[in-house]
Amino acid sequence: MRLKKRSDYKRVYRCGVARKRAYFSFHIFQREGPARLGIVIQRRWGTAVKRNRMKRVIRETFRRNSELFTGMDIIVRPHEVCQGCEAEEVKRLLIKEFREAAGTEVKNEQGKSLSD
RNA sequence: GGAGAGGGCUAGGUGGUCGCGGAGGGAGACCCUUUCGAGGGUUCCUCUGAGGAAAGUCCGGACUCCACAGGGCAGGCCACUGGGGAAAUCCCAGCGGGGGUGACCUCGGGAAAGUGCCACAGAGAAUAGACCGCCGAUGGCUCCGCGGAUAUUUCCCGCGGGCACAGGUGACGGUGAAACGGUGGUGUAAGAGACCACCAGCGGCCUGGGCGACCAGGCCGGCUCGGUAAACCCUGGCCGGAGCAAGGCCAAGUAGAAAGGCAUCUGAGGGCUGCCCGUCCGAGCCUUUGGGUAGGCCGCGCAGAUGAAUGACCCCCCAGGACAGAAUCCGGCUUACAGGCCCUCUCCCUUA
RNA sequence: GGGAGCGUGGCGCAGUCGGUUAGCGCACUGGGUUGUGGUCCCAGGGGUCGCGGGUUCGAGUCCCGUCGCUCCUC
């Protein structure tokens, strides 16, 4: 599933946890229900073809490994260093960095601002 | 065989596994909502799913709104000819100038309606001829010499020389992007289209060809006329403005918030691109601060969404596979582009 | 998606009607002043005018194409 509404994005940005890694940035929000994904790529990142390919590879990885992401809303933002990567490389780096980012501390840090 | 010119086509393909957007169908199964009619989702089947440029937004339209848009000025765009086209900075064919050995490429109203500009250099930069220079035939000189008349001189006359005072003269004058037609001759005191021959260029007339731009030939004239309109401009033609974030509907919501200004029919303000006239609407309008929402549906398509769909892996073809992703839709232009294929044509070399 | 605007030394900007010295401030370098540094004074270096074509004798300026950036759009 995908994040569709502006209010969903706002909630993830305001109440979620931000993690910045070398190749991707993550915003993670713990939530009941199936996992939902949002991808943010600026226009300056590359041409429309490059942006579309990156989004497709990220969605493919999300679909293949959906058991990793259950119970959270995630916003992924690729950095400019990802532009030269092959698809297999993007997959490997995305899973690796997400496992680093989504440690156990996510649940602990989140709870207080959930009242919004 | 090599070099090149013009035009067209294609844009990896075939077969599998997993996955995505949309439309239609279902007799079944599951979940959610329910006003118990039904609606939505998942699953199953079928069909369909990016480009020649989708791009840049450079032109032109369709479409939508602005209270159907009148006149003048200003403004913008276009410009050889004939067709095509809804129109266009579009296409096809042709004409003329320039470039190329050639196939071909490129440019296109008017400089003789007027204005402006042409820096530096140069004598001179736009139709008036100045300066230096040349000549000084013809005049001029209280210049010099010789000769004639006279005994001699002045004076007078003639010849030769000088002066450069009148005057004559034009393109010779380090330049410059551009210099007042070019070459040769006649001619003259010196020269010059002053005259002659050829050539270049301009204008007018006539004849013939072509729908036309224009071309070919002949005659005549003045004897020569710079460049720039992607400077102002002139001539002819076209143009109301904004743009799908146009525009319409529904829902939610501040809030009928505060301050200042101008008005309430002798009329603020607004629309008709800017200004004026004219005309129409007209009781509220404008600016600033503060605040609210930035859901959904139509517009919207024989691909078609509204956080926005095409990807990953494997096999074969020896290997490689570019530029690049629809967002209202069409017709063009321009720009980017790996490799491959086809057609037509030109030049050079070799062989027959 | 649509509509406007801007690119000039390292930075921020001028550059008129197209004319030939591309200029100003800060910054940089050298020298002077001072016991030293700052301030101040003098001198100097540094420019593909975003890029590519075109018009013109001549383009930062005019025209066309292209690249990059910024702003507006209930």
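Quick caveat: nothing in here was measured; it's all calculated off a predicted structure. Within every chain, numbering begins at 1; the chains are lettered A, B, ... in the order of the sequence lines, protein sequences first and strands thereafter.
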How far does [atom1] of [X] sit from [atom2] of [Y], to the nearest 0.5 angstrom?
X	Y	atom1	atom2	value
A/Phe24	A/Ile95	CZ	CD1	10.0 Å
A/Ile74	A/Arg36	CD1	CZ	11.0 Å
A/Cys85	A/Leu94	SG	CG	11.0 Å
A/Ile75	A/Asp73	CD1	CG	8.0 Å
A/Arg99	A/Arg21	CZ	CZ	14.5 Å

At a cut-off of 3.5 Å, list every protein nitrogen or oxygen paired with a nitrogen or oxygen from nucleotides 323-327 of chain B, distance to 0.1 Å.
residue, atom, partner, partner atom, Å
B/G325, O6, A/Arg56, NH1, 3.3

Tell me the partner of [N], counting only Watson-Crick (N1-N3 plus N6-O4 or O6-N4) or G-U wobble (N1-O2 and O6-N3) with both under 3.5 Å; none if nothing fits.
N	value
B/C211	none
B/A121	none
B/G51	B/C323
B/C73	B/G274
B/C65	B/G241
C/G25	C/C11
B/G221	B/C202
B/C195	B/G185

Is there any salt bridge (charged side-chain N to carboxylate O under 4.0 Å, His left out) pair reaching into residues 79-96 of chain A, and which pairs are they, with sequence neighbours excluded?
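Listed by first then second residue: A/Lys96-A/Glu100.
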Integer-rounded Å distance: B/A312 P and A/Met54 CE
12 Å
Distance, [atom1] atom - from [M] to [N], rounded to whole angstrom:
N	M	atom1	result
B/U228	C/G18	C1'	12 Å
B/A194	B/G222	P	12 Å
B/A27	B/G321	C1'	50 Å
B/C66	B/G60	C1'	23 Å
B/C30	B/C44	C1'	13 Å
B/U64	C/G60	C1'	44 Å
B/C219	B/A137	P	45 Å
B/A69	B/G97	C1'	46 Å

Kindly write out the residues that satisfy side chain to side chain contact (heavy atoms under 4.5 Å, CB included) with A/Arg63, not counting sequence neighbours, or none if the list is empty.
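Per chain and number, A/Arg63 pairs via side chain to side chain contact (heavy atoms under 4.5 Å, CB included) with A/Glu60.
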Apply side chain to side chain contact (heavy atoms under 4.5 Å, CB included) to A/Val81 and list each qualifying residue two or more places apart in sequence or on a separate chain.
A/Tyr23, A/His79
Classify the glycosidic conformation of [N] as syn or anti, calling it syn when the angle lies within 90° of 0.
N	value
B/G160	anti
B/G295	syn
B/G37	syn
B/G52	syn
B/A130	anti

Does the side chain of A/Ser25 reach to within under 4.5 Å of the side chain of A/Val76, using non-hydrogen atoms?
no
With a 4.5 Å cut-off on side-chain heavy atoms, are A/Arg59 and A/Ile39 touching?
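Sidechains of A/Arg59 and A/Ile39: in contact.
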First contact, last contact: which nucleotides of RNA chain C are these for chain A, 5' to 3', heavy-atom distance under 4.0 Å?
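Nucleotide range in contact with chain A: C/G1 to C/U70.
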Could you say whether A/Arg63 or A/Lys91 is positioned toward the 5' end of RNA chain B, judged by the nucleotide with the nearest heavy atom to each?
A/Arg63
Can I get a per-line list of side-chain donor-acceptor pairs under 3.5 Å for residues 49-58 of chain A, giving both atom names and the distance, sequence neighbours left out?
residue, atom, partner, partner atom, Å
A/Arg51, NE, A/Gly46, O, 3.0
A/Arg51, NE, A/Thr47, O, 3.4
A/Asn52, ND2, A/Ala48, O, 3.3

Could you list the residues that satisfy ring-ring contact (aromatic ring centres under 6.0 Å, His included) with A/Phe26, not counting sequence neighbours?
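A/Phe26 satisfies ring-ring contact (aromatic ring centres under 6.0 Å, His included) with A/Phe98 once adjacent residues are dropped.
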Residue pairs fulfilling ring pair (Phe, Tyr, Trp, His ring centres under 6.0 Å) with at least one residue in residues 35-57 of chain A, sequence neighbours excluded
none
Return the polar atom pairs (N/O with N/O) between nucleotides 303-308 of chain B and the protein under 3.5 Å, or none.
residue, atom, partner, partner atom, Å
B/G307, O2', A/Leu3, O, 2.1
B/G307, N2, A/Tyr9, OH, 3.2
B/G307, N3, A/Tyr9, OH, 3.1
B/A308, OP1, A/Arg2, NE, 2.3
B/A308, OP1, A/Arg2, NH2, 2.9
B/A308, OP2, A/Arg2, NE, 2.7

